Amino acid sequence: MDKKTKVLRLMEFLDSRYANAECSLRHENPFQLLTATILSAQCTDARVNIVTEELFRKYPTPKDLADADMEELCGDIKPTGFFRNKAKSLIGMGKKLVSNHGGEVPGTMEELIKIPGVGRKTANVILGNCFGRPAVVVDTHVKRIAFRIGLTGNTDPEKIEQDLIKIIPPERSAEWSHQVILFGREICTARAPKCGECPVNGICADYAARIKKHFKP
DNA sequence: CTCCCGATAT
DNA sequence: ATATCAGGAG
């Protein structure tokens with residue numbers, strides 16, 4: 001089965017199961033989403049949302065983050081893990097927005113990835129959710145699922161992004177990313193994927209390999 | 001490539 | 001006990 005057929009069937013399933021999928025990081029503006037996304041590295045969205053509830057009250061603007069005390073900010077975000085790296089990133093991000101972008105979140109990939117703590121994944125979250133731009137978000141779930149199904153043979157996130165851009169309709173790429181992430185949390189999990197109850201196991205290269213391995217004549 | 005790191009599920 | 005969670009920097 002070719003990739004385009006797989007993507008078509010996958011999207012059909014995703015639309016039926018996860019209609020109107022939205023960003024699961026709680027936010028009210030681009031600055032808040034950027035903050036939450038930086039915190040979301042190797043951490044569940046649910047935990048980020050717990051932390052940001054208070055964080056957004058304490059640091060409502062980029063300037064507030066720019067002026068934040070390092071030790072205090074570490075304490076504020078500690079439950080999300082990697083807190084020293086993330087605190088440094090958030091302060092650097094605040095300073096960058098104030099000094100280079102008039103306190104606003106920029107809307108291009110080129111500018112976004114120059115911000116401390118922001119790589120292509122985080123940049124695509126912002127472009128897709130705040131600017132309505134085509135954006136395939138290659139996070140741990142998208143990476144795992146694209147590889148399992150056989151939509152890519154690459155393991156490098158940027159190459160996976162390039163592979164997916166060719167086969168996902170641009171106007172739907174942002175929502176597609178959300179849907180795949182929900183699918184990854186619920187069914188196609190990293191540790192023990194629920195292949196038996198997976199509605200799209202028929203298009204999955206990894207599932208086919210598992211079946212073949214278990215079936216020994 | 002390694003390091004960063006707390007919380008949760010398995 | 002260990003793998004994993006909306007990764008990025010050096």
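Proteins come first, then strands; the chains are lettered A, B, ... in the order of their sequence lines, and each starts at number 1. Just so it is clear, the model here is predicted, and its values are computed rather than measured. Just so it is clear, the values below take in all heavy atoms, side chains as well, and ignore hydrogens, waters and symmetry mates.
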Interface polar pairs with nucleotides 1-4 of chain B, N/O, under 3.5 angstrom:
residue : atom : partner  : partner atom : Å
dC4(B)  : O2   : Asn85(A) : ND2          : 3.2

N or O in side chain of Arg47(A) less than 4.0 angstrom from dG6(B) OP1/OP2: no
Under the 3.5 Å Watson-Crick or G-U criterion, the dot-bracket string of DNA chain B, with | for inter-strand pairs: ||||.|||||
Pairs of donor and acceptor atoms involving the side chains of residues 111-120 of chain A, under 3.5 Å and at least two apart or interchain, shall be tabulated with distances.
residue   : atom : partner   : partner atom : Å
Glu111(A) : OE1  : Thr108(A) : OG1          : 2.9
Arg120(A) : NE   : Glu161(A) : OE1          : 2.9
Arg120(A) : NH2  : Glu161(A) : OE2          : 2.7

Nucleic acid contacts of residues 14-24 of chain A, taken as heavy-atom distances under 4.0 Å to DNA chain C: Cys23(A), Ser24(A)
Salt bridge present between Lys63(A) and Asp67(A) (N-O < 4.0 angstrom): yes
Ser173(A) and Ile165(A): CA distance, side-chain angles, deciding distance, side-chain contact (heavy atoms from CB on, under 4.5 Å) verdict: CA-CA 8 Å; Ser173(A) 57; Ile165(A) 283 173; over 6 Å; no
Those residues of residues 132-152 of chain A lying under 4.0 Å from DNA chain C by at least one heavy atom: Val137(A), Asp139(A), Thr140(A), His141(A), Arg144(A)
Exercise: do Glu175(A) and Tyr18(A) side chains pair donor with acceptor under 3.5 Å: no
ring-ring contact (aromatic ring centres under 6.0 Å, His included) contacts in which one or both residues fall within residues 113-162 of chain A, not counting sequence neighbours: none
DNA chain C contacts made by residues 48-77 of chain A, counting heavy atoms under 4.0 Å: none
Qualifying residues under ring pair (Phe, Tyr, Trp, His ring centres under 6.0 Å), relative to Tyr59(A), sequence neighbours excluded: none
Set of residues satisfying ring pair (Phe, Tyr, Trp, His ring centres under 6.0 Å) with respect to Phe13(A), sequence neighbours excluded: Phe183(A)
Residues in contact with DNA chain C, drawn from residues 168-190 of chain A - heavy-atom cutoff 4.0 Å: His178(A), Ile181(A), Arg185(A), Ala190(A)
Interface residues of residues 28-46 of chain A with DNA chain C (non-hydrogen, below 4.0 angstrom): Ser40(A), Ala41(A), Gln42(A), Cys43(A), Thr44(A), Asp45(A)
Terminal contacting nucleotides, 5' and 3', DNA chain C versus chain A (heavy atom, 4.0 Å): dT2(C) to dA9(C)
